Participant: 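Quick one: the structure is below, and I'll ask about it shortly.
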Amino acid sequence: MGMLRADVIVIGGGHAGVEAAWAAASAMGEGGRVVLVTMDPAKVGAMSCNPAIGGLAKGQMVREIDALGGIMGRATDHAGILFKVLNTSKGAAVRGPRAQCDKYHYAAEVQRLLATQPRITVIAGTVDDLLVEQGACVGVRLPAGWRRVHASADAVASNLRADAMARAVLVPEGEPQEACGLRAGAVVLTTGTFMRALMHTGEERTPGGRVGEGSAVGISGMLRGLGFELGRLKTGTPPRLRRQTIDWDALAPQVGDDPPQPFSDLPAASLARGAFPGLPQVDCRLTETTGAIHELIRANLHRAPMYSGQIEASSGPRYCPSLEDKVVRFADRDSHHVFLEPESLFSDEVYCNGISTSLPAEVQAGIVRGMRGCERAEVLRWGYAVEYDMVWPHQIDATGETKAVAGLYLAGQINGTSGYEEAAAQGLVAGLNAARRVRGQQPVRIGREQAYIGVMMDDLVTRTPREPYRMFTSRAEHRLLLRSDNADERLTPVARELGLACEVRLRAFSERMQALDSIRAALLAVRPDPRAAERLHDRARRPDVPVAEIAAALRAAGAHAPDALVDRVVTDLRYEGYVARQRAEVRRHAEGERSPIPAALDPDAIVGLRAEARETLRKFRPATLGQAGRLAGISPADVSLIAIAAKRARAAEPRG
């Protein structure tokens with residue numbers, strides 16, 4: 001068997017995989033080589049469920065991915081067809097940007113971006129085994145049939161036209177190759193919902209993690225053989241309808257923001273089409289389920305795979321439940337909202353947001369045609385549930401690296417999470433750290449006080465999920481610091497230090513910071529009424545004064561004051577006291593939060609530690625005292641004992 005070489009290998013071309021490959025390639029620098037292995041290159045970046053990006057807390061995470069040099073925000077700005085900031089009636093800390101995307105243009109743009117990075121090589125194929133030597137992952141085995149992939153220039157050209165149906169950019173080339181080994185310094189595994197995946201629609205079962213695609217069967221057994229503890233989870237998707245068969249005009253429109261707000265901090269001129277938004281904007285429509293629909297569901301619960309016992313998964317997403325789950329859990333409700341969302345400008349597909357289901361096709365037909373406006377709707381694709389294997393995330397570090405096998409990183413739904421945004425954020429962290437390992441650099445852990453990404457990574461390694469993990473603003477104790485509008489201030493300087501930020505991003509960031517400073521200075525200098533003592537700065541602090549009024553006053557005084565930047569400065573002023581208290585709290589906990597626990601520290605050697613605490617330490621193996629303190633089963637007294645033992649262990653470590 002032949003042997004190829006790379007620096008970092010990424011397995012899987014979903015949202016986690018593409019961000020992992022992009023981050024690894026950026027962090028490796030000149031001469032680095034990243035190989036992305038995917039079963040179907042045409043599906044790289046595919047939006048397998050709702051073609052939407054962002055939302056509450058998720059939108060903040062996408063802004064953070066962008067601030068760290070990732071590509072999800074850029075692809076969204078290119079492919080978004082309805083942009084809306086959610087929760088605008090509430091405080092800025094809990095607002096979340098969201099965009100409905102053209103799913104074909106989104107995937108094509110992700111593929112185009114990957115093709116622009118010369119350090120990334122895409123291979124069409126599967127992985128049937130990991131190469132593990134002396135406890136470290138040093139590569140993978142590629143079975144016969146793999147092929148290299150190139151970017152189709154014709155597809156790229158057509159995708160840049162706003163009136164064109166997007167096509168897959170990445171295309172396999174040449175003849176299928178013989179089985180071979182592929183060695184690397186680190187491997188990132190991002191299998192999504194494909195590990196031993198099984199799709200369910202009623203009593204019908206089909207192997208696969210997505211309609212029309214296969215199941216990665218061998219990886220589960222391989223991971224078990226390496227000693228990993230696996231679990232099984234479930235997710236689902238609703239039916240898709242043909243728009244022409246919906247009474248669209250009879251339903252209430254749901255419109256986007258005008259003007260829309262972009263996700264990426266890169267200037268619009270740097271986007272693929274040189275302008276934002278890249279595509280024409282549309283609206284969605286609102287309908288609802290009825291009491292009769294709920295009775296139909298109750299009468300067929302015995303045919304729902306989750307209730308019949310057909311699905312062996314332990315649980316599904318509690319915060320994005322199937323329609324049958326909602327009918328059972330909220331028995332007093334006789335109606336649930338359903339948002340009808342176009343999946344593309346150039347196809348007839350409509351996503352039914354709110355009726356995820358795995359009931360038999362004939363029952364789904366009754367559900368759809370019982371909704372107002374959908375009485376004659378044609379179903380293009382039935383909803384289904386998919387169950388899949390995952391790795392319980394207490395077996396990884398907050399860097400994404402597994403504790404059992406050095407150099408092996410896990411990212412995305414394999415870690416028990418749910419959602420494109422959560423997957424992409426994990427991919428970025430894992431890809432970055434994989435590259436740093438190859439380069440002999442220290443790993444990077446993003447703190448809970450730095451980003452929602454840090455909150456998620458910490459939650460995964462300190463808490464065993466009961467259902468697929470989804471990000472919420474309530475999970476972040478420092479959410480006043482983690483707004484969507486200040487992601488660049490928090491993270492772009494970090495991206496610069498880590499080699500993740502391009503020159504265009506850094507130049508735009510510097511100009512934006514200068515503009516913010518100018519607005520702050522102008523607020524102190526301008527007086528709305530020359531005869532009064534009040535400065536515009538004082539007026540801006542009052543929550544009853546509209547931000548638009550402040551922006552208008554600044555522009556009248558000759559200041560350069562874009563609405564978005566003025567809103568950001570005013571928000572800073574109004575949160576000033578609360579933010580100062582949160583920053584002080586962060587500083588008080590900083591020393592313990594980042595204080596490392598040596599990996600070789602034996603819980604049984606810690607004098608006075610309770611048996612429950614020892615067992616918890618053995619299971620989770622926290623990397624820092626902060627992580628240890630958040631583990632269920634570890635008391636404050638335990639943390640004190642661990643801190644003393646960790647300090648002694650660090651002192652005993654050989655120097656140099």
Side-chain angles (χ1 to χ4, degrees), residues 14-16 19 47-65 72 76 86-87 93-100 190-193 209 231-238 306 313-323 325-326 329-330 336-337 339 341 351 353-357 385-388 390-394 396 398 400 410-430 446 448 451-477 479 482 484 630:
H15 303 281
E19 295 293 351
M47 308 180 93
S48 53
C49 195
N50 189 358
I53 295 293
L56 303 180
K58 290 170 173 280
Q60 282 90 324
M61 200 175 292
V62 178
R63 292 275 297 124
E64 292 171 355
I65 292 167
M72 178 171 269
T76 302
L86 309 181
N87 259 3
V94 294
R95 295 173 192 162
R98 181 183 186 273
Q100 191 74 17
T190 69
T191 55
T193 61
R232 197 149 175 86
L233 293 177
K234 167 246 178 201
T235 189
T237 191
M306 198 69 180
S314 59
S315 63
R318 181 160 51 108
Y319 298 103
C320 188
S322 67
L323 181 57
D325 284 342
K326 288 195 283 191
R329 285 167 50 191
F330 308 107
H336 293 284
H337 282 159
F339 294 91
E341 300 171 333
Y351 182 91
N353 191 347
I355 57 169
S356 175
T357 181
V386 56
E387 58 173 327
Y388 55 95
M390 48 78 70
V391 177
W392 293 113
H394 66 266
I396 65 168
L410 307 182
Q413 289 184 271
I414 191 173
N415 287 331
T417 59
S418 171
Y420 306 147
E421 303 82 2
E422 290 86 347
Q426 291 172 72
L428 188 152
V429 170
I446 299 174
R448 296 181 70 92
Y452 275 93
I453 296 174
V455 173
M456 174 185 63
M457 296 306 299
D458 186 73
D459 282 351
L460 289 177
V461 302
T462 59
R463 305 173 187 181
T464 301
R466 292 177 297 163
E467 68 274 327
Y469 181 96
R470 180 180 180 178
M471 180 51 72
F472 295 99
T473 54
S474 59
R475 295 191 189 275
E477 60 270 40
R479 59 183 171 272
L482 309 182
S484 64
R630 285 186 289 277

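Positions are given from 1 along the sequence. Because the structure is predicted, anything quoted here is derived from the model rather than measured.
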Participant: OG of Ser418 to CE of Met471: how many Å apart, nearest 0.5 Å?
Facilitator: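 Interatomic distance, Ser418 OG to Met471 CE, rounded to 0.5 Å: 12.0 Å.
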Participant: Quick one: does any side-chain atom of Ser356 pair with a main-chain N or O of Thr237 as donor and acceptor, under 3.5 Å?
Facilitator: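 Yes; at least one donor-acceptor contact below 3.5 Å.
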Participant: So, for Leu233 and Pro468, which heavy atoms are closest and what is the spacing to 0.1 Å?
Facilitator: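 Shortest heavy-atom contact: CD1-CG, 4.0 Å.
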Participant: Could you tell me whether the side chain of Gln100 reaches within less than 4.5 Å of the side chain of Pro51, counting heavy atoms only?
Facilitator: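 They are in contact (side-chain heavy atoms under 4.5 Å apart), so the answer is yes.
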Participant: Could you walk me through whether Glu387 and Arg232 pass salt bridge (charged side-chain N to carboxylate O under 4.0 Å, His left out), step by step?
Facilitator: CA-CA 7 Å; Glu387 58 173 327; Arg232 197 149 175 86; 3.0 Å; yes
Participant: Any non-hydrogen side-chain atom of Gln426 less than 4.5 Å from a side-chain atom of His15?
Facilitator: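 Sidechains of His15 and Gln426: no contact.
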Participant: Could you state the interatomic distance from CD1 (Ile446) to CG (Asp458), rounded to the nearest 0.5 Å?
Facilitator: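 Interatomic distance, Ile446 CD1 to Asp458 CG, rounded to 0.5 Å: 12.0 Å.
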Participant: Give the minimum heavy-atom separation between Met61 and Ala425, together with the two atoms involved.
Facilitator: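 The answer is SD-CB, 3.7 Å.
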Participant: Within this structure, what is the CG-CG distance for the pair Asn353 and Asn50, rounded to the nearest 0.5 Å?
Facilitator: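 Output value for this atom pair is 5.0 Å.
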Participant: With sequence neighbours left out, what residues match Tyr351 under ring-ring contact (aromatic ring centres under 6.0 Å, His included)?
Facilitator: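 Here no residue qualifies.
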Participant: Counting N and O atoms only, with roles assigned by atom type, does the side chain of Thr417 sit under 3.5 Å from a partner on the main chain of Tyr469, one being a donor and the other an acceptor?
Facilitator: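 Checked: no pair found.
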Participant: Looking only at heavy atoms, what is the nearest atom pair of Val461 and Ala398, with distance?
Facilitator: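 Val461 and Ala398 have their closest heavy atoms at CG1-N, 3.7 Å.
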Participant: For Gly400 and Met457, which heavy atoms make the closest approach, and how far apart are they?
Facilitator: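 Looking at all heavy atoms of both residues, the shortest contact is N-CE, 4.1 Å.
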Participant: Tell me, please, which residues at least two apart from Ala476 pass side-chain contact (heavy atoms from CB on, under 4.5 Å).
Facilitator: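 Listed in chain order: Tyr452, Val455, Arg479, Leu482.
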Participant: Does the pair Gln60 and Thr473 meet the rule for a side chain to side chain contact (heavy atoms under 4.5 Å, CB included), with working shown?
Facilitator: CA-CA 9 Å; Gln60 282 90 324; Thr473 54; 4.0 Å; yes
Participant: Tell me, please, which residues at least two apart from Ser484 pass side-chain hydrogen bond (donor to acceptor under 3.5 Å, both in side chains).
Facilitator: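 Ser484: no side-chain hydrogen bond (donor to acceptor under 3.5 Å, both in side chains) contacts found.
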Participant: Please list all pairs meeting salt bridge (Lys or Arg N to Asp or Glu O under 4.0 Å) that have one or both residues in residues 418-428, counting only residues at least two apart or in different chains.
Facilitator: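 Qualifying pairs: Lys58-Glu421, Lys58-Glu422.
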Participant: Should His336 and Phe330 be marked as a side chain to side chain contact (heavy atoms under 4.5 Å, CB included) after you check the CA-CA gap, both sets of side-chain angles, and the distance that decides it?
Facilitator: CA-CA 10 Å; His336 293 284; Phe330 308 107; 4.3 Å; yes
Participant: If we ignore hydrogens and angles and just use 3.5 Å, is the side chain of Glu64 paired with the main-chain N or O of Ile453 as donor and acceptor?
Facilitator: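 Yes; at least one donor-acceptor contact below 3.5 Å.
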Participant: Using the test side-chain contact (heavy atoms from CB on, under 4.5 Å), find all partners of Ala16 that sit at least two apart in sequence or belong to another chain.
Facilitator: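 Checked Ala16 against side-chain contact (heavy atoms from CB on, under 4.5 Å); matches are Thr190, Ala411, Ala423.
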Participant: Report the C-alpha distance between Leu56 and Val94 in whole Å, list the side-chain angles of each, state the deciding distance to 0.1 Å, and finish with yes or no for side chain to side chain contact (heavy atoms under 4.5 Å, CB included).
Facilitator: CA-CA 7 Å; Leu56 303 180; Val94 294; over 6 Å; no
Participant: Just jot down the salt bridge (Lys or Arg N to Asp or Glu O under 4.0 Å) partners of Arg95, sequence neighbours excluded, or say none.
Facilitator: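 None.
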Participant: For the OG1 atom of Thr357 and the CG atom of Leu323, what is their distance to the nearest 0.5 Å?
Facilitator: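 One gets 6.0 Å once the value is rounded to the nearest 0.5 Å.
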Participant: What's the verdict on side chain to side chain contact (heavy atoms under 4.5 Å, CB included) for Met72 and Tyr420, showing C-alpha distance, side-chain angles and the deciding distance?
Facilitator: CA-CA 9 Å; Met72 178 171 269; Tyr420 306 147; 3.9 Å; yes
Participant: Say you draw a straight line from CZ of Arg470 to CZ of Arg475; how long is it, rounded to the nearest 0.5 Å?
Facilitator: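 Those atoms lie 10.0 Å apart.
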Participant: What distance separates His394 NE2 from Leu460 CG, expressed to the nearest 0.5 Å?
Facilitator: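 Interatomic distance, His394 NE2 to Leu460 CG, rounded to 0.5 Å: 12.5 Å.
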Participant: Quick one: do Arg463 and Asp459 make a salt bridge, cutoff under 4.0 Å?
Facilitator: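 Between Asp459 and Arg463 there is a salt bridge, with a charged N closer than 4.0 Å to a carboxylate O.
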